[in-house]
Amino acid sequence: KIALAYYNRGVAKGKSEDYWGAIADYNKALEINPQYARAFANRGAAKDELGDYQGAIADYNKALEINPDDANAYYNRGNAKDELKDYQGAIADYSKAIGINPDDADVYVNRGIAKRKSKDYQGAIADYNKAIEITPELADAYTNRGIARKLANDLDGACRDWRKAADFGLTQPAEWVKKQCWHLTLSDFNDCEASPRRKAGVLIDDHETWDCGIGPGHRWAASQLSPAQVIVPACHNGHYGFIQRREARSHSWLKAIQH
């Protein structure tokens with residue numbers, strides 16, 4: 001009971017970001033119960049937060065010696081190895097965690113990041129796909145899949161993923177879309193006819209912006225627009241167009257050219 005009290009106080013200190021205080025309490029718990037696997041694991045997490053990745057790994061090692069079925073310890077040890085640029089070691093630990101708990105989307109995302117850093121872009125994309133399959137609203141998975149797709153020379157796919165991440169409220173992917181995706185032609189986003197009622201819109205600076213089009217058979221002259229103006233090609237009610245940044249909720253029609 002005394003070891004548990006120190007452990008619980010360590011957890012509370014960790015939550016309040018008093019990591020040194022948490023480590024001191026986990027030390028006390030481990031003095032009383034040297035086989036306290038969770039105390040080793042949590043002390044490792046506190047060391048991780050302080051940037052002591054080698055110390056964290058040592059604690060995760062000890063926790064896993066006592067309890068080899070601790071998926072979180074494998075996951076956290078993988079994170080520490082990633083910080084030390086031991087990407088293959090990180091991938092191995094994430095794989096161990098997945099073997100114990102195959103439904104944790106975050107582990108797939110982090111394994112995907114380690115694979116991407118190892119230049120295994122297709123392997124990374126496969127992991128992000130799995131993460132999205134488990135948790136379709138996981139914005140970080142779309143962001144990171146977009147990065148991997150760009151590195152794999154699939155900028156169109158990257159832009160789709162970043163646009164999706166932006167729809168979930170992430171600002172960095174929205175910036176990437178504005179800076180890197182404005183030049184795409186509408187043939188890269190050709191789902192208007194397949195889904196004519198698809199609502200294409202995003203929120204920029206709390207103002208809703210919409211694509212402006214004059215119907216199928218037309219293509220916007222993207223070269224006439226600056227990257228600051230255009231966010232991404234889109235469709236609305238069967239019309240092709242670009243989503244354009246504006247200061248208010250008014251429609252302004254852009255010049256279009258025939259195919």
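Residues take their numbers from the sequence shown, with the count starting at 1. Values in this document were obtained by computation on a predicted structure and should not be read as measured data. The basis for the numbers below is simple: all heavy atoms, side chains too, and nothing from hydrogens, waters or symmetry mates.
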(message) To the closest 0.5 Å, what do you measure between CZ (Arg43) and CG (Asp52)?
(response) 10.0 Å
(message) According to side chain to side chain contact (heavy atoms under 4.5 Å, CB included), who are the partners of Glu49, at least two apart in sequence or on a separate chain?
(response) Tyr19
(message) Which residues end up grouped with Tyr74 if you chain together Ile, Leu, Val, Met, Phe, Trp and Tyr wherever their side-chain heavy atoms are less than 4.5 Å apart?
(response) Leu64, Ile100
(request) With sequence neighbours excluded, tell me which residues meet side-chain hydrogen bond (donor to acceptor under 3.5 Å, both in side chains) with Asp120. (result) none
(message) Can you list everything that forms a ring pair (Phe, Tyr, Trp, His ring centres under 6.0 Å) with Tyr128? Sequence neighbours excluded, please.
(response) none
(message) Rounded to the nearest 0.5 Å, what separates atom NZ in Lys1 from atom CG in Asn33?
(response) 15.0 Å
(message) Does any part of the side chain of Asn144, heavy atoms only, come nearer than 4.5 Å to the side chain of Asp161, both counted from C-beta?
(response) no
(request) Please lay out, stage by stage, how Lys28 and Glu31 fare under the test side-chain contact (heavy atoms from CB on, under 4.5 Å). (result) CA-CA 5 Å; Lys28 285 288 189 181; Glu31 287 176 11; 4.0 Å; yes
(message) Once rounded to the nearest 0.5 Å, what's the spacing between atom CG of Asp154 and atom SG of Cys159?
(response) 9.0 Å
(message) For Ala165 versus Ala139, what's the shortest heavy-atom pair and its separation?
(response) CB-O, 3.9 Å
(message) Treating Trp162 as the side-chain partner and Thr143 as the backbone partner, does any N or O pair qualify as donor plus acceptor under 3.5 Å?
(response) yes
(message) Show the nearest heavy-atom pair for residues Ile66 and Pro34, with the distance to one decimal.
(response) CD1-O, 4.1 Å
(request) Tell me who clusters with Ile32, hydrophobic residues only, linked when side chains sit under 4.5 Å apart either directly or through other members. (result) Ile2, Tyr6
(message) Starting from Tyr53 and following side-chain heavy-atom contacts under 4.5 Å between hydrophobic residues (I, L, V, M, F, W, Y), which residues can be reached?
(response) Ile57, Leu84
(message) List the residues meeting side-chain hydrogen bond (donor to acceptor under 3.5 Å, both in side chains) with Lys130, not counting sequence neighbours, and say none if there are none.
(response) Glu133
(message) Among residues at least two apart in sequence or on other chains, which ones pass side chain to side chain contact (heavy atoms under 4.5 Å, CB included) with Ala152?
(response) Tyr121, Gln122
(request) State plainly whether the residues Asp156 and Arg149 are in salt-bridge range, i.e. N to O under 4.0 Å. (result) no
(request) Kindly give the cluster partners of Tyr142, where membership spreads through any ILVMFWY side chain lying under 4.5 Å from a current member. (result) Ile132, Phe168
(message) Check this for me: Lys96, atom NZ, are more than 12 non-hydrogen atoms of other residues, nucleotides or ligands nearer than 6.0 Å?
(response) no
(request) Count the heavy atoms belonging to other residues, nucleotides or ligands that lie under 6.0 Å from NZ of Lys117, then report whether that count exceeds 12. (result) yes
(message) To the nearest 0.5 Å, what is the distance between CZ on Arg145 and CZ on Arg160?
(response) 10.5 Å
(message) Do Ile147 and Val177 sit in one hydrophobic cluster, given that two such residues count as connected whenever their side-chain heavy atoms are within less than 4.5 Å of each other, even indirectly?
(response) yes
(request) Mind listing the closest non-hydrogen atom pair of Ala56 and Gly44 along with its distance? (result) CB-O, 3.2 Å
(request) Could you list the residues that satisfy side-chain hydrogen bond (donor to acceptor under 3.5 Å, both in side chains) with Asn79, not counting sequence neighbours? (result) Tyr94, Asn110
(message) Let me check something: do Ile134 and Leu138 share a hydrophobic cluster, defined by ILVMFWY side-chain heavy atoms less than 4.5 Å apart, either directly or through other members?
(response) no
(request) Quick one: list whatever passes side chain to side chain contact (heavy atoms under 4.5 Å, CB included) with Gln172, sequence neighbours left out. (result) Glu175, Trp176
(request) Of all the heavy-atom pairs spanning Gly14 and Ala22, show the shortest one and how long it is. (result) N-CB, 3.8 Å
(message) If I take atom CG from residue Asn67 and atom OH from residue Tyr36, how far apart are they, to the nearest 0.5 angstrom?
(response) 12.5 Å
(request) Using a 4.5 Å cut-off on heavy atoms from C-beta on, say whether the side chain of Tyr75 contacts that of Asp93. (result) no
(message) Walk me through whether Lys85 and Tyr87 qualify under side-chain contact (heavy atoms from CB on, under 4.5 Å).
(response) CA-CA 5 Å; Lys85 297 182 169 54; Tyr87 303 128; 3.4 Å; yes
(message) By the salt bridge (Lys or Arg N to Asp or Glu O under 4.0 Å) test, which pairs, at least two apart or in different chains, include something from residues 100-114?
(response) Arg111-Asp127
(message) Show the nearest heavy-atom pair for residues Lys47 and Ile23, with the distance to one decimal.
(response) CG-CD1, 3.9 Å
(message) Let me confirm one number: the OH-CG distance from Tyr7 to Asn42, rounded to the nearest 0.5 Å.
(response) 4.0 Å
